[in-house]
Amino acid sequence: MVENIVETVNLSKVYKRKNVEIVALNDVNLQIPKAQIICINGPSGSGKTTLLNIIGGVDRPTRGKVTVDNVDITRLGESQITRFRLEKIGFIFQFHNLFPTLTAFENIELPLILSKKPKETREKRVSDLLEIVGMKERADHKPDELSGGEQQRIAIARALTNNPTLILADEPTGDLDSENAIAFMKLVKELNKKQGQTFLIVTHDPLVSQECDKIYAIRDGKLRE
Ligand SMILES: Nc1ncnc2c1ncn2[C@@H]1O[C@H](COP(=O)(O)OP(=O)(O)OP(=O)(O)O)[C@@H](O)[C@H]1O
Ligand SMILES: [Mg+2]
């Protein structure tokens, strides 16, 4: 039997604003087996970010169920879901979302501070991660002292800090040139192969989707293979 890292059952999200209802997700049933690289594409406003946010426990569904690593996250309380996010999920965003006043090292270290890891453990882990993403020489640079591709590599390292089972990426190469987009996917594939991490990537970039195990399309909140 294939083990699924993510399962959604009739997942729906309806945003209500004044008297208008916006159906962002409409009965989404998705199964993601462990250690796969899955891509999702679809037009603007089709529900891609909403889906990632709900799977990552940032947002709550209106109806339906989401299981991540055999835990029904729709039943978790606020503090449990915060812990779940910290331990199980890595987020990578289009614009990196690095803290501008922190160095590359400190940005990667942050999730370890939040999960109360001792200093020696943190230093070892951050230095290993800098090595993995090839950024050892830039450890003490602030984000604005790094190129776009380098910032993205720091953002990947930060997403990996707590060794998450699932990595969610929202247009991770949207801000990168093709050379850096290829380098990004190479790193994703390496991590996937070596550490068996599962990637769910929202992308329109053919350089990314051609490397995925499976591609889904989403349109008006409906998911299709
Ligand atoms: N907090 C919110 N309140 C009300 N409506 C929202 C909210 N967030 C998103 N929406 C609406 O839900 C729909 C899906 O939004 P979502 O951000 O998931 O789209 P997307 O596929 O990620 O689009 P893009 O490619 O532009 O990032 C859109 O119609 C959007 O306007
Ligand atoms: Mg989006």
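We count ligands from 1, going down the list as the structure has it; atoms in each ligand are counted the same way.
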(message) Looking at non-hydrogen atoms alone, which of G47, G221, G45, G174 comes nearest to atom 13 (C) of ligand 1?
(response) G45

(message) For atom 27 (O) of ligand 1, tell me which residue out of T49, V23, I40 has the closest non-hydrogen atom.
(response) T49

(request) Tell me whether T49 has at least one N, O or S atom under 2.8 Å from the Mg ion (ligand 2). (result) yes

(message) Pairs of nitrogen or oxygen atoms closer than 3.5 Å, one from I22 and one from ligand 1: do any exist?
(response) no

(message) Would R17 count as a polar contact of ligand 1, with the cut-off being nitrogen or oxygen pairs under 3.5 Å?
(response) no

What atoms in ligand 1 come closer than 4.0 Å to a heavy atom of [X]?
X: A24; result: 12 (O), 13 (C), 14 (C)
X: T50; result: 14 (C), 15 (O), 16 (P), 18 (O)
X: P43; result: 21 (O)

(request) Can you see which heavy atom on H204 is nearest to which on N41, and at what distance? (result) CD2-CB, 4.1 Å

Heavy-atom neighbours of [X] [atom1] exceed 12 at 6.0 Å:
X: F99; atom1: CZ; result: no
X: R75; atom1: CZ; result: no
X: E179; atom1: CD; result: no
X: D220; atom1: CG; result: no
X: K193; atom1: NZ; result: no

(message) Show, in sequence, the C-alpha distance, side-chain angles and deciding distance for T49 and D170, and conclude whether the side chain to side chain donor-acceptor pair (under 3.5 Å) test is met.
(response) CA-CA 7 Å; T49 299; D170 201 347; 2.7 Å; yes

(message) When you measure from atom 30 (C) of ligand 1 to the protein, is at least one non-hydrogen atom found at a distance under 4.0 Å?
(response) no

(message) Less than 4.0 Å from atom 21 (O) of ligand 1, is there any heavy atom belonging to the protein?
(response) yes

(request) Please confirm whether S46 comes under 4.0 Å of ligand 1, counting heavy atoms of the residue only. (result) yes

